[in-house]
Visitor: 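To start, I am sharing the structure in question, which I have written as structure tokens.
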There are 2 protein chains.
Amino acid sequence: MTIVLPIQSLPRLQESAAARVERELRAGIIDLTIRPGERLSESEIAERFQVSRQPVREAFIALMRQGLLDVQPQRGTVVVKLSVRRMLDARFIREAIEVAIVRRACERFDAHYRDRAASLIAAQEAAARAGDHAGFQRLDSLFHIALAEGADCMEAWTAVEMQKAHMDRVCALTLHSPGSMDPLVAQHQAILNAIEDGDAERAVAAMRHHLSEILRGVAGLDLTFAELFE
Amino acid sequence: MTIVLPIQSLPRLQESAAARVERELRAGIIDLTIRPGERLSESEIAERFQVSRQPVREAFIALMRQGLLDVQPQRGTVVVKLSVRRMLDARFIREAIEVAIVRRACERFDAHYRDRAASLIAAQEAAARAGDHAGFQRLDSLFHIALAEGADCMEAWTAVEMQKAHMDRVCALTLHSPGSMDPLVAQHQAILNAIEDGDAERAVAAMRHHLSEILRGVAGLDLTFAELFE
DNA sequence: GCTCTTGAACTTCCATACAAGTGCATACTA
DNA sequence: TAGTATGCACTTGTATGGAAGTTCAAGAGC
């Protein structure tokens, strides 16, 4: 007797061409591999990815909605330049949502997610010691996601993620000195401690502090890299 | 001597076909003219709007990103059903951001926007007396926008707008009894008063109260209209 | 009667061709 | 020389045909 699995209900195994192009372009725009102000064209990108213009176009539109590309009809498409204003707007929105998340986490945050958050902090310590900045940043993201998931706010996280990109893009300019990651680990620990204690006000304050410290090293970058800013 | 205006720098006079389709479909989905669970198809919509399938496809993708359509590859596209969970998630995110907006408004809110907000409240009173619910809802939106604009947080408003759709969609089911609009006007007035006094805590409380009252009449609708909910 | 196969009728996804608009270099005119 | 057309090369926007995949029902085989 064979069991027939409902294959049709599974998500497609391979992501669409449009999704792949969007994902890769987005990563490049955020880590500044694709430079702010750079001119892109549908046909050029299509050739690079070996697909037709159509999926590229869909990716462009999606990235435009995220505020990462500026599609000018019949004129061209450019990567939007960095902007202090946009970065601060992103921080404002992100802080508003993440503060609400930790506030809720103080009410509902079961042991499973507490353990996960704790292990992510431990992993960050290791990454900091090893000087693995890329890994550190990935773990940082996972920590924030764990908070959102534990507070049952994943929809809110998707809203945060869009804003986060505008902060990450500016932060990608900062040089990563050896000890720069340690304070961030301590801040994560402070947030988690407050949540475990159920102390909402302390958790909120810790999150606000953390989000402000993330942007610590960006002051003056708009002057140093003036050509990348609008 | 003739002055040549830089026409090329103006935005295109006529919106693209894709934008038009998206705008009209979005409006229909939010006011439930297009019913939750209904099956759409690119070719059918293309024929209805007298355009090709391509711009329709782009509109579908955009609406999928907003959580309004569910595009299933090679299977079909359906209008996502209403969801109490999604509505509450939207309220959570919206409240987080709008609370932050009024908090900031208590610090920076110049006379121009104060007057505008006040006149919008007056207009809402008139609409309420006239029983013009559609106009009332438009003015409600404009009031919240005025707060965001006055607090210099327009980017935050665009984030709110996406979430607002999921609340509006459920609210579109409620019957509008004659006196149902008056409390909302009073709540707007309370928010504005607190902002004028620079009393952040009172403004925040007023906004939270307002947002909870908006969803006052929706309890039990998921049972009355079970077929529209997932 | 029940199970399995198969094919037709749909769907979304992608490739290609063409339409429409922009900007710039070049040549022409006063 | 300065100013003005004009055509070309480029862009994004739209239309259309076909590829790939899903669903469903009719019919063959047992």
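Chain identifiers are assigned alphabetically (A, B, ...) following the order of the sequence lines, protein sequences preceding nucleic acid strands; residue numbering begins at 1 within each chain. Keep in mind that the numbers below use all heavy atoms, side chains included, and drop hydrogens, waters and symmetry copies. Because the structure is a prediction, the values reported are computed rather than measured.
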Visitor: Would you indicate whether the side-chain heavy atoms of A:E24 and A:R48 approach each other to under 4.5 Å?
Guide: no
Visitor: Nearest whole Å is fine: how far is C:dT11 P from B:R57 CZ?
Guide: 14 Å
Visitor: Kindly indicate, with the supporting measurements, whether the criterion side-chain contact (heavy atoms from CB on, under 4.5 Å) is fulfilled by A:R85 and A:L88.
Guide: CA-CA 5 Å; A:R85 170 62 199 250; A:L88 293 176; 5.6 Å; no
Visitor: Could you tell me how far apart A:R20 (CZ) and C:dC13 (C1') are, to the nearest whole angstrom?
Guide: 15 Å
Visitor: Do NZ/NE/NH1/NH2 and the carboxylate oxygens of A:R103 and B:E95 come within less than 4.0 Å?
Guide: no
Visitor: Distance check needed: D:dG13 P versus B:E22 CD, whole Å only.
Guide: 13 Å
Visitor: Crowded around A:E47 CD? As in, over 12 foreign heavy atoms under 6.0 Å?
Guide: no
Visitor: Counting only side-chain heavy atoms from C-beta out, which of D:dA15, C:dC13, D:dT14 sits nearest to B:A17?
Guide: D:dT14
Visitor: Write down the atom of B:V79, the atom of B:R35, and the distance for their closest heavy-atom approach.
Guide: CB-O, 3.6 Å
Visitor: Take the protein atom CG of A:L63 and the nucleotide atom P of D:dT12, then report the distance between them rounded to whole Å.
Guide: 13 Å
Visitor: Are any of the side-chain heavy atoms of B:M87 and B:L82 separated by less than 4.5 Å?
Guide: no
Visitor: Check the angle between the aromatic planes of B:H133 and B:H176 and answer parallel, tilted or perpendicular using the 30° and 60° thresholds.
Guide: parallel
Visitor: Rounded off to whole Å, could you give me the CZ-to-C1' distance for the B:F60 and C:dT11 pair?
Guide: 11 Å
Visitor: Separation of A:I61 atom CD1 from C:dC14 atom P, in whole Å?
Guide: 14 Å
Visitor: Using a 4.5 Å cut-off on heavy atoms from C-beta on, say whether the side chain of B:V80 contacts that of B:M64.
Guide: no
Visitor: Between D:dA15, C:dC13, D:dT12, spot the one nearest the side chain of B:V51, thanks.
Guide: D:dA15
Visitor: Output the rounded distance in Å from CZ (B:F49) to P (D:dT14).
Guide: 14 Å
Visitor: Parallel, tilted or perpendicular, judged at 30° and 60°: which one describes the rings of B:H144 and B:H210?
Guide: parallel
Visitor: What's touching nucleotides 16-18 of chain C from the protein side, N or O pairs under 3.5 Å?
Guide:
unit_1: C:dT16; atom_1: O4; unit_2: A:Q54; atom_2: OE1; d: 3.4

Visitor: Between atom CD in B:E15 and atom P in C:dG21, what is the gap in whole Å?
Guide: 16 Å
Visitor: Are there any protein N/O atoms within less than 3.5 Å of an N/O atom in nucleotides 7-11 of chain D, and if so, which ones and at what distance?
Guide:
unit_1: D:dT11; atom_1: OP1; unit_2: A:S41; atom_2: OG; d: 3.4

